[in-house]
Amino acid sequence: SRELPPGPPTTAVAEPSDSEAFAAYLRTLEMGRDGQANRQAIAALRAVLARDAKLAPAWEALAERLYQESRYGKYGPLHEVLSATRRALELDPNRQVAI
């Protein structure tokens, strides 16, 4: 009998260190993506990351929101988008960051 080849490597995702910050991050997922709602989500994500700077999904969400704002709003430079994306990938190389 032949053995199956090994599957893709798996890594355990760290539990959030601050459950309230994680809950606040989850609430941002329900926020609108247009105009003021997107800007409010950006502010909320920054507050989440001030509480738990190691929350990779929040960095990823912030990068996506900043990108949205830079494309369709009046935000400006993309350096924050790239910085947030880089941070998400440093914390969790398995993130599905695609902006």
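Worth knowing before you read on, the calculation uses all heavy atoms, side chains too, and leaves out hydrogens, waters and symmetry mates.
In plain terms, the two heavy atoms of Leu45 and Ala58 that are nearest each other are CD2-O, 4.0 Å. When all heavy atoms of Ala53 and Arg87 are compared, the pair lying nearest together is O-NH2, 3.8 Å.
The line from OG1 of Thr28 to CD of Glu64 is 10.0 Å long, rounded to the nearest 0.5 Å. For the atom pair Leu66 CG and Ile42 CD1, the distance stands at 4.5 Å (nearest 0.5 Å). To the nearest 0.5 angstrom, Leu62 atom CG is 6.0 Å from Arg46 atom CZ. Atom NZ of Lys54 and atom CG of Leu49 lie 13.0 Å apart (nearest 0.5 Å). Atom CG of Asn38 is separated from atom CZ of Arg65 by 5.0 Å, given to the nearest 0.5 angstrom.
For Gln36, the side chain to side chain contact (heavy atoms under 4.5 Å, CB included) criterion is met by Arg39, Gln40, not counting sequence neighbours. Scanning for salt bridge (charged side-chain N to carboxylate O under 4.0 Å, His left out) contacts around Arg33 gives an empty result, with sequence neighbours left out. Listed by chain and residue number, Asp18, Val48, Arg51, Asp52 satisfy the side chain to side chain contact (heavy atoms under 4.5 Å, CB included) test with Ala21 (two or more places apart in sequence, or in another chain).
In this structure, the side chains of Leu55 and Pro57 come closer than 4.5 Å at one or more pairs of heavy atoms.
Under the 4.5 Å side-chain heavy-atom criterion for Ile, Leu, Val, Met, Phe, Trp and Tyr, Leu91 and Val81 are members of the same hydrophobic cluster.
Identified under the ring pair (Phe, Tyr, Trp, His ring centres under 6.0 Å) test for residues 24-58, with sequence neighbours left out: Phe22-Tyr25. Pairs of residues two or more places apart, or lying in two chains, never qualify as ring pair (Phe, Tyr, Trp, His ring centres under 6.0 Å) while including a residue from residues 29-63.
Within 6.0 Å of the CD atom in Glu90, the count of heavy atoms belonging to other residues, nucleotides or ligands exceeds 12.
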